[in-house]
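Along the sequence shown, the residues carry numbers beginning at 1. Everything numeric in this text was worked out from a predicted model, so none of it was measured. No hydrogens, no waters, no symmetry mates; every other heavy atom, side chains included, goes into these values.
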Amino acid sequence: MNFSLDRIDFAILELLQENGRLTNKEIAAAVGLAPSSCFERVKRLTQDGAIRGFHAEVAAEALGIHLQAMVAIQLKQHSRELVEAFYDHVLTLPEVVAVYHVAGRQDFMVHVVVRDTDHLRNLAMDAFTTRPEVAHLETSLIYAATRKHGLPRLSWDS
């Protein structure tokens, strides 16, 4: 994707990353646009894929999630077919919150959320070790996690 964003687009994106519930009127005032112009910009940013969605952050414990882990997975082979099959499989698992196809010793890092250690063990055994393309997995428990909200602006051309 190639986005052509100007300083106002960047400002809108920064505001929405900080608070996705801002009203169009609040965003327009902050970036110095008329509300109608601001609405069209946000609409364009969404249609072009620069804005992928709006989400609420929910406390894991409120959903019965008391344990998180990163599962490092090494595949037996690296054919496109096996990599894509595994990736597609992982995305179907409700416990999976993020999947990273990575370079290095491991092929995938999979962030999972579960009720407890029994749930984690069963997930590892039923969803990962039974897959024919999986050679090895290593599970690391997550004691604490903090996610930054928003991506940094690395392009300073505009």
Side-chain angles (χ1 to χ4, degrees), residues 1-7 9-22 27 41-158:
M1 290 183 186
N2 189 10
F3 300 105
S4 178
L5 306 177
D6 64 17
R7 66 175 181 76
D9 292 328
F10 280 117
I12 291 170
L13 293 174
E14 288 171 6
L15 287 166
L16 287 172
Q17 286 184 113
E18 284 290 318
N19 182 356
R21 295 187 66 159
L22 288 173
I27 299 167
R41 287 220 186 206
V42 172
K43 183 177 170 183
R44 178 183 50 80
L45 289 166
T46 303
Q47 289 172 338
D48 291 350
I51 297 174
R52 293 185 174 174
F54 297 89
H55 312 279
E57 185 172 344
V58 177
E61 297 79 10
L63 301 174
I65 296 165
H66 299 288
L67 187 63
Q68 297 185 48
M70 289 298 287
V71 182
I73 297 165
Q74 192 175 60
L75 299 182
K76 290 179 182 175
Q77 296 180 323
H78 298 99
S79 71
R80 181 176 302 276
E81 181 180 319
L82 288 177
V83 168
E84 289 176 359
F86 183 76
Y87 192 82
D88 291 344
H89 165 70
V90 169
L91 289 175
T92 68
L93 303 172
E95 296 91 348
V96 171
V97 294
V99 180
Y100 304 95
H101 183 200
V102 297
R105 205 169 125 218
Q106 307 300 334
D107 298 303
F108 285 92
M109 297 297 292
V110 182
H111 181 182
V112 299
V113 295
V114 292
R115 291 181 302 277
D116 52 34
T117 56
D118 287 336
H119 187 179
L120 180 59
R121 183 191 67 237
N122 291 334
L123 177 67
M125 292 174 60
D126 297 338
F128 298 126
T129 61
T130 59
R131 298 290 299 184
E133 64 268 46
V134 172
H136 177 76
L137 67 87
E138 185 175 319
T139 303
S140 299
L141 297 181
I142 298 172
Y143 291 128
T146 302
R147 189 171 79 82
K148 290 172 67 175
H149 297 283
L151 297 170
R153 180 178 169 188
L154 300 177
S155 171
W156 301 102
D157 300 353
S158 299

Subject >> Pairs involving residues 115-143, ordered by first then second residue, that meet ring-ring contact (aromatic ring centres under 6.0 Å, His included) (sequence neighbours left out) >> reply: none
**OP:** Report the residues that fulfil side chain to side chain contact (heavy atoms under 4.5 Å, CB included) with Glu84, sequence neighbours left out, ordered by chain and then residue number.
**Re:** Arg80
**OP:** Under the side chain to side chain contact (heavy atoms under 4.5 Å, CB included) rule, collect the residues that match up with Thr46, sequence neighbours excluded.
**Re:** Val42, Ile51
Original post:
Would you call Glu18 and Leu15 a side-chain contact if the rule is heavy atoms closer than 4.5 Å?
Top reply: no
**OP:** Drop me the distance from Leu82's CG to Gln77's CD, to the nearest 0.5 angstrom.
**Re:** 5.5 Å
**OP:** Drop me the distance from Glu14's CD to Asp9's CG, to the nearest 0.5 angstrom.
**Re:** 11.0 Å
Determine all donor-acceptor pairs shorter than 3.5 Å in which one atom belongs to a side chain in residues 53-61; sequence neighbours excluded.
from  : atom 1 : to     : atom 2 : distance (Å)
Glu57 : OE1    : His149 : NE2    : 2.7

Original post:
His101: what forms a ring-ring contact (aromatic ring centres under 6.0 Å, His included) with it, not counting sequence neighbours?
Top reply: Phe108
**OP:** Locate the shortest heavy-atom distance separating Ser4 from Arg44; write the atom from each residue and the value.
**Re:** O-NH1, 4.3 Å
**OP:** Just jot down the salt bridge (Lys or Arg N to Asp or Glu O under 4.0 Å) partners of Arg131, sequence neighbours excluded, or say none.
**Re:** Glu133
Subject >> Euclidean distance, His111 NE2 relative to Gln68 CD, rounded to 0.5 Å >> reply: 3.5 Å
Original post:
Is there side-chain contact between Thr139 and Val71, with heavy atoms separated by less than 4.5 Å?
Top reply: yes
Original post:
What pairs with Asp118 under salt bridge (Lys or Arg N to Asp or Glu O under 4.0 Å), at least two apart in sequence or on another chain?
Top reply: Arg121
Subject >> Contact summary for Leu93 and Ala127, nearest pair of heavy atoms >> reply: CD1-CB, 3.7 Å
Subject >> Results of side chain to side chain contact (heavy atoms under 4.5 Å, CB included) for Asn19 - residues two or more places apart only >> reply: Arg21, Leu22
Subject >> Qualifying residues under side chain to side chain contact (heavy atoms under 4.5 Å, CB included), relative to Tyr100, sequence neighbours excluded >> reply: Met70, Ala98, Val102, Met109
Original post:
How far apart are the C-alpha atoms of Leu5 and Leu13, what are their side-chain angles, what is the distance that settles it, and do they pass the side chain to side chain contact (heavy atoms under 4.5 Å, CB included) test?
Top reply: CA-CA 10 Å; Leu5 306 177; Leu13 293 174; 3.8 Å; yes
Subject >> Nearest-0.5 Å distance, CG of residue Leu137 to CG of residue Asp107 >> reply: 12.0 Å
Subject >> Residues in side chain to side chain donor-acceptor pair (under 3.5 Å) contact with His66, at least two apart in sequence or another chain >> reply: none
Subject >> Residues that Arg115 engages under salt bridge (Lys or Arg N to Asp or Glu O under 4.0 Å), provided they are two or more places apart >> reply: none
Original post:
Closest approach of Val134 and Phe86, non-hydrogen atoms and distance?
Top reply: CG2-CE1, 3.6 Å
Original post:
Just how far is it from atom CG of Leu141 to atom OG1 of Thr117, taken to the nearest 0.5 Å?
Top reply: 8.5 Å
